[in-house]
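Worksheet: one structure, shown below.
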Amino acid sequence: MRYARQTVLPQIGTEGQARLAAAQVLVVGAGALGVPVLQYLTGAGVGCITLVDPDRAEISNLHRQPIYGRHLGTPKAQAAAVEMAVLNPDTTVMPLVARLDPANAPDLVARADLVLDCADSFAATYALSDACLAANRPLIAASVLGTQGFAGGFCGGAPSFRAVFPDLPAQAGTCATAGVMGPMAGLIGALQAQMAMAVLLGLRPTPLGQMIRFDGLRPASFRFDGAPEPETGHRFIAASQMRPDDLAVDLRGPEESPLPFVPHALRQPDRLHPAEGQRVVFACRSGLRAWTAADRLRRDWPGEIALIALGDAP
């Protein structure tokens, strides 16, 4: 009886329901996008969901993450697993209280049939896209801010996120600084869940290679099946992947972090003089300043460059 209203659909039936029950899904982010994704995939009977999120539930989250009302102060991944167990005991949600980064992304992606990027962090998105492209796993990525948002299907036979977005915007806001309307986040998260189910069920036309955007209540959609993969592009690494001989540059000011992220890192230098064969690693909170600094250095220096998004680490 639990799945009667969806198995009656000819696109699903008992065979499709069995495919959902056997699916292994990776969801990165248990926030405004991750909450509707979890609710709809769990309600649909997806077999196993690995949920990755480092944050704790806060009262300022509740207008767009309503499942956490009785879990304030609790890690979101653990709280969401509790709520999903009540919603549908057929689905196993395995919480991982950690940040997704380029060090753990390949292993997490390799275990999944499908990946959903709900972190709303471009550093996490690029790391997931790179891992999904290498492992040939489909990726449903989305972003929402203010009254706008998008969701798209990447990799798994479609072009990667880098093919559509080879460069970052000049500036990027966050929900804390620019705000977000809760229903818009719910709309985009529900769209992600619908695209994910279409991939898991093998529905046609596939959402892989498709982008759907909302500007307020004005939708737009386009396909990007033929987008070429960029030959070059800045790559993110985790702090744990630093090499001893890297030239490390911490772009955060003292007001953000009293100490550099590694002891030998330069703090906001005017000029750089990397040695031949040395890798330059730029680090900042979100990765945006690191990307911009890498663009500037690339004009004059052909060597290896890597980026680190430190998040709110001290």
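If you read the sequence from its start, that first residue is 1, and numbering goes on from there.
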Using the rule that two of Ile, Leu, Val, Met, Phe, Trp, Tyr join whenever any of their side-chain heavy atoms come within less than 4.5 Å, decide whether [X] and [Y] are in one cluster.
| X | Y | answer |
| --- | --- | --- |
| Leu116 | Leu203 | yes |
| Met195 | Leu187 | yes |
| Val28 | Met94 | no |
| Leu128 | Leu133 | no |
| Tyr40 | Ile67 | no |

Discussion item. Check the orientation of Trp291 and His234. Use parallel for under 30°, tilted for 30 to 60°, and perpendicular for over 60°.
Written reply: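 Geometry flag for His234 against Trp291: perpendicular rings.
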Discussion item. Is there a side chain to side chain contact (heavy atoms under 4.5 Å, CB included) between Leu38 and Leu51? Walk through the geometry before answering.
Written reply: CA-CA 9 Å; Leu38 290 166; Leu51 175 60; 3.8 Å; yes
So do the side chains of [X] and [Y] get within less than 4.5 Å of each other, counting heavy atoms only?
| X | Y | value |
| --- | --- | --- |
| Leu108 | Leu100 | yes |
| Leu72 | Glu58 | no |
| Val281 | Leu247 | no |
| Asp55 | Pro75 | no |
| Val144 | Phe214 | no |
| Ile12 | Tyr3 | no |
| Pro269 | Leu266 | yes |
| Pro89 | Arg2 | yes |

Is it the case that the side chain of [X] and the backbone of [Y] share a donor-acceptor pair, with hydrogens and angles ignored and the cut-off at 3.5 Å?
| X | Y | answer |
| --- | --- | --- |
| Gln192 | Ile140 | yes |
| Arg19 | Leu201 | yes |
| Gln17 | Ala44 | yes |
| Thr91 | Val46 | yes |
| Thr206 | Gly202 | no |
| Ser129 | Phe161 | yes |
| Asn104 | Asp101 | yes |
| Gln268 | Leu251 | yes |
| Arg64 | Met184 | no |
| Arg99 | Val52 | no |

Can you name the nearest heavy-atom pair linking [X] to [Y], along with the distance?
| X | Y | answer |
| --- | --- | --- |
| Pro36 | Ala190 | CB-N, 4.0 Å |
| Gly153 | Ala158 | O-CB, 4.2 Å |
| Leu87 | Gly43 | CD2-N, 4.0 Å |
| Tyr68 | Leu62 | C-CD2, 3.7 Å |
| Cys132 | Leu139 | SG-CB, 3.9 Å |
| Ile308 | Met242 | CD1-SD, 3.9 Å |

Under a 3.5 Å threshold, yes or no: a donor from one side chain and an acceptor from the other, between [X] and [Y]?
| X | Y | value |
| --- | --- | --- |
| Asp117 | Tyr126 | no |
| Gln78 | His71 | no |
| Ser143 | Asp120 | yes |

Fill in: Check: Phe224 ring centroid to Phe154 ring centroid under 6.0 Å
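Yes, they do, as the ring centres are separated by less than 6.0 Å.
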Practice prompt. Check whether the ring centres of Phe222 and Phe150 lie less than 6.0 Å apart, and answer yes or no.
Written response: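 Here the rings of Phe150 and Phe222 have centres that are no less than 6.0 Å from each other.
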Fill in: Derivation of the side chain to side chain contact (heavy atoms under 4.5 Å, CB included) call for Ile49 and Gln24
CA-CA 6 Å; Ile49 300 173; Gln24 302 273 338; over 6 Å; no
[X] and [Y] ion-paired at < 4.0 Å:
| X | Y | result |
| --- | --- | --- |
| Asp246 | Arg279 | yes |
| Arg243 | Asp245 | no |
| Glu256 | Arg289 | yes |
| Glu83 | Arg70 | yes |
| Arg298 | Asp295 | no |
| Asp130 | Arg235 | yes |
| Asp250 | Arg252 | yes |

At what distance, to the nearest 0.5 angstrom, does [atom1] of [X] lie from [atom2] of [Y]?
| X | Y | atom1 | atom2 | answer |
| --- | --- | --- | --- | --- |
| Leu33 | Leu191 | CG | CG | 10.0 Å |
| Ile188 | Arg213 | CD1 | CZ | 9.5 Å |
| Asp215 | Thr147 | CG | OG1 | 6.0 Å |
| Phe261 | Leu310 | CZ | CG | 6.0 Å |
| Arg271 | His273 | CZ | NE2 | 5.5 Å |
| Leu272 | Arg296 | CG | CZ | 9.5 Å |

Practice prompt. Check the pair Asp113 / Val25 against side chain to side chain contact (heavy atoms under 4.5 Å, CB included), numbers first and verdict last.
Written response: CA-CA 6 Å; Asp113 302 311; Val25 173; 5.9 Å; no
Worksheet item: Under 6.0 Å from the CD atom of Gln148, do we count more than 12 heavy atoms belonging to anything else shown?
Response: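 Yes, the 6.0 Å shell around CD holds more than 12 heavy atoms from other groups.
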Worksheet item: Does the side chain to side chain contact (heavy atoms under 4.5 Å, CB included) test come out yes or no for Leu20 and Met197, once each step is laid out?
Response: CA-CA 8 Å; Leu20 294 176; Met197 287 186 63; 3.9 Å; yes
